[in-house]
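Counting starts at 1 for both ligands and their atoms, following the listed order. Bear in mind that the values here come from a model prediction, so they are computed numbers and not experimental data.
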Amino acid sequence: MTERETWATRLGFILAAVGSAVGLGNIWQFPFKTATNGGSAFVFVYLLAAVLIGLPAILAEFVVGRRAKRNAVEAFERLNRPHWTVVGALGLFIGMWILSYYSVVGGWVIRYVFGSATGAYFGAPADYFGAVSAGLDAVALHGVFMLLTAAIVAFGVEDGIERATKLMVPSILLILVGLAMYAATLPGVADAYAFYLAPDFEYLFANPGDVIPFAVSQAFFSLSLGMGAMITYSSYIDGDESLVSDGGTIVVLNTLVGLLAGLVVIPLLFAHQGGVSETAAGGGASALFVAVASAFADLGAAGRAVGVVFFLVVLVAALSSAISLLEVVTSYVVDRYGVDRKATAFGLGGGLFLVGTLSAGDTAWLTWFDTVAYQVLLPVSVLLGVVFVGWALGPVAVEELRKGSGGLPRAAPAWLWMLRTFVLLGVLGTLVLGANTLYEMPAVPWV
Ligand code: TRP
């Protein structure tokens with residue numbers, strides 16, 4: 001047997017995890033979920049959820065991965081809890097579910113790289129989005145994005161991904177800071193900040209079912225939880241470093257990228273649409289594309305260059321997340337069934353392309369897939385993971401987290417206690433509130 005791969009350095013692990021976490025979830029979803037779910041009320045719940053639920057939950061996945069040193073499904077067997085492999089399998093399923101529409105949005109980003117270069121959307125950004133977000137065009141670019149993802153996974157350019165990630169996170173931060181500074185100069189920015197940042201408990205208490213499930217699931221989605229990704233990544237950790245401080249770093253960096261994206265998009269929506277109601281009416285998916293595109297259009301010729309750079313960076317962030325989504329499933333199929341890696345990557349990519357044509361045909365489908373993931377799939381998967389680590393593993397998990405946490409002797413037992421109490425309650429509450437809404441499936445676009 002060949003020896004299992006490990007991360008070369010501790011920083012390598014942290015950056016890879018941040019690279020997986022930072023993606024469309026931060027730059028595209030976070031601002032629009034904020035805009036359509038109560039602004040600051042959403043941000044408030046999201047921040048609480050990231051720290052109080054997201055951090056303990058990411059540590060739970062790290063503990064499973066580092067202890068088992070196995071892929072996300074077989075890890076449960078390795079830990080002598082074979083019945084729990086269904087949790088790993090559910091995670092893989094959710095990863096595929098999400099990738100099917102993630103790739104459609106990735107296709108939009110590709111389109112906007114070119115649209116920025118030619119200034120195609122400069123005249124009427126909202127109409128442009130309407131024209132390119134659904135239909136044959138969107139299907140084709142969704143195909144291109146999925147093909148790129150599958151090709152990279154098939155050829156396994158590990159080095160490439162790692163290096164791209166190291167460049168990507170700092171450049172995203174820099175570009176977002178620049179855009180946020182520009183956004184701060186726009187008319188109506190005070191209203192935008194008030195909507196985004198001034199605590200609004202009234203809205204929260206009036207609409208808990210809108211705010212809480214989306215905000216909590218946003219924390220899960222953005223941290224790549226519930227899909228075996230963090231189990232897989234931590235299974236490559238060699239040695240006993242402090243998982244608590246690694247997890248803390250990852251949560252902070254990831255949250256920062258989302259908050260910055262909001263500081264860009266929300267003021268732009270206020271400046272160009274006088275608020276967020278248009279965005280809300282359109283289901284929200286357009287927020288990033290219309291708002292940021294309007295800003296680039298205002299900047300004129302310079303806007304083209306800025307637009308190309310911006311959407312390229314978003315593309316790299318989206319690709320690096322999509323790659324790891326596909327890689328988690330691919331590595332399992334390859335390990336378990338001995339199928340050829342290339343065949344697996346392209347086969348899965350092809351299948352998910354077909355599923356994603358629904359979302360590419362009609363953004364109502366995209367919203368439906370996204371909503372089901374947020375309201376049902378992610379909370380269920382994280383809940384099962386918490387029950388597994390909190391009860392089925394219990395003391396074993398505490399022992400594993402203790403390793404390397406020398407300076408924080410009480411952290412591990414406190415963490416277990418947190419998992420068993422309010423992490424559990426928080427996720428359950430999210431599910432109950434979210435299940436409230438029954439969804440009608442949209443019509444199939446091609447019939
Ligand atoms: N966190 C990524 C983002 O914010 C998307 C994502 C969710 C992901 N789950 C994942 C990426 C699992 C890789 C693996 O865009």
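- With sequence neighbours excluded, no residue forms a salt bridge (Lys or Arg N to Asp or Glu O under 4.0 Å) with D238.
- Aromatic rings from F214 and F42 are positioned such that their centres are separated by 6.0 Å or more.
- Closer than 4.0 angstrom to ligand 1 sit non-hydrogen atoms from S20, A21, G23, L24, G25, N26, Y102, F221, S222, S224, M227, A229, S321, S324, L325.
- With sequence neighbours excluded, the residues satisfying ring-ring contact (aromatic ring centres under 6.0 Å, His included) with F32 are W28.
- Residues meeting the ring-ring contact (aromatic ring centres under 6.0 Å, His included) test with F145, sequence neighbours left out: none.
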If you apply the rule ring-ring contact (aromatic ring centres under 6.0 Å, His included), what do you find for W365 with Y101, and how did you get there?
CA-CA 9 Å; W365 270 103; Y101 69 88; over 10 Å; no
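- Between F296 and Y112, the distance separating the two ring centers is not shorter than 6.0 angstrom.
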